[in-house]
There are 2 protein chains.
Amino acid sequence: MTSLTIAEAAERTGLTAHTLRYYERDGLLLHAVERAPSGHRRYTDDDLRWIEMVTRLRATGMPIRDVRRYAALVRDGDGNESERLALLLAHREVVERQLAEVTSHLRAIDHKIALYENLAPAS
Amino acid sequence: MTSLTIAEAAERTGLTAHTLRYYERDGLLLHAVERAPSGHRRYTDDDLRWIEMVTRLRATGMPIRDVRRYAALVRDGDGNESERLALLLAHREVVERQLAEVTSHLRAIDHKIALYENLAPAS
DNA sequence: CTCGGACTTGGAGTGCACTCCAGGTCAAGG
DNA sequence: CCTTGACCTGGAGTGCACTCCAAGTCCGAG
């Protein structure tokens, strides 16, 4: 229950096993994942929770290198909360700007779609 | 007024001259851009309008290859409007799903931000 | 006539984020 | 004991979308 193989972790997180290893190698996780005596990775619930946060950051467009920076701050423990906050706030800014831009472009595209729909309303 | 150099077109569209040449080479434009006797490109208002549409599609995440397909349809002229419509509608679907996903992830990140803000409300 | 600067080309290079491969280990089932 | 399948590693490969380079052309200013 508190210990999943990489295949299970991949299924739970929606990432591939490849990507999970890649994230670990690249310093996106808080620490190396625990191993079974066989050397196979065993993911805890905490691991999965962190990976979900990473997924959220990535899904909103944060570059790997910034996720790594954030992970480093969290790893370093108490005392840098304001830095973490600043990083997240900066990211939030970027995401909101992007959402606004995409939304406005989408409206323009919708306009184009409406033209085509009016052109052949019966087709 | 109806004839801009590549540098001017770059400035107007927000793309680089490199990217404008690249788009032309890659079949994203409706036809080869006109040339001055010197061989230099001359962009018309129509060119710019089309490039803006391309920019909107790109900015909303449409892959180059799909933009090329759409350009090919428009280039082929009347008779395939329903195909164009289908392509745009499919893209719209994708974009809206993405917007929803990003928005929901952003809400989760906001939640995290709120935690940090409550942690050190005076800092 | 010479220079600087904007343009041209084909093709190579870059950065990002995976994605895969070869060769190996390990535990369980037949 | 042998095979199967899931896992391991370092390092190479992939796809995308640019981005840049070298070598050349053209034009206006001095």
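In what follows, every chain begins at residue 1, and chains take the letters A, B, ... in the order their sequences are listed. Scope of the values below: all heavy atoms of this structure, side chains included, with no hydrogens, waters or symmetry mates.
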When rounded to whole Å, the CZ to P distance for the pair Arg35(A) and dC7(D) reads 12 Å
Separation of Glu34(B) atom CD from dT8(C) atom P, in whole Å?
13 Å
Does a nitrogen or oxygen in the side chain of Thr5(A) sit under 4.0 Å from OP1 or OP2 of dC7(D)?
yes
Within the sub-3.5 Å range, which N or O atoms of nucleotides 26-30 of chain D have a protein N or O partner, and how far apart are they?
none

Protein-nucleotide distance (Leu28(A), atom CG; dA17(C), atom P), rounded to Å:
9 Å
Flag side-chain contact, heavy atom, 4.5 Å: Leu119(B) against Leu85(A)
no
Identify whether any heavy atom of Ala7(A) sits under 4.0 Å from a base atom; if not, whether one sits that close to sugar-phosphate; answer base, sugar-phosphate or nothing.
sugar-phosphate
OP1 or OP2 of dC18(D) less than 4.0 angstrom from a side-chain nitrogen or oxygen of Tyr23(B), does that happen here?
yes
Test item: Asp110(A) side-chain N/O and Arg107(A) main-chain N/O as donor-acceptor pair under 3.5 Å
no
d(OH, Tyr22(A); P, dT14(D)) in whole Å:
18 Å
Counting only side-chain nitrogens and oxygens, does Arg58(B) get under 4.0 Å of the OP1 or OP2 atom of dC18(D)?
yes
It should be established whether Arg41(B) places a side-chain nitrogen or oxygen under 4.0 Å from OP1 or OP2 of nucleotide dT8(C).
yes
Leu20(B) CG to dT9(C) C1', in whole Å, measures 16 Å
What is the distance from atom OH of Tyr43(B) to atom CG of Leu29(B), rounded to the nearest 0.5 Å?
7.0 Å
Polar pair under 3.5 Å, donor/acceptor by atom type, side chain Arg25(B), base dG11(C):
yes
Of the candidate nucleotides dT19(D), dT19(C), dC16(D), which contains the atom at the shortest distance from the side chain of Arg65(B)?
dC16(D)
Please report the distance, rounded to the nearest Å, between CD in Glu24(A) and C1' in dC8(D).
11 Å
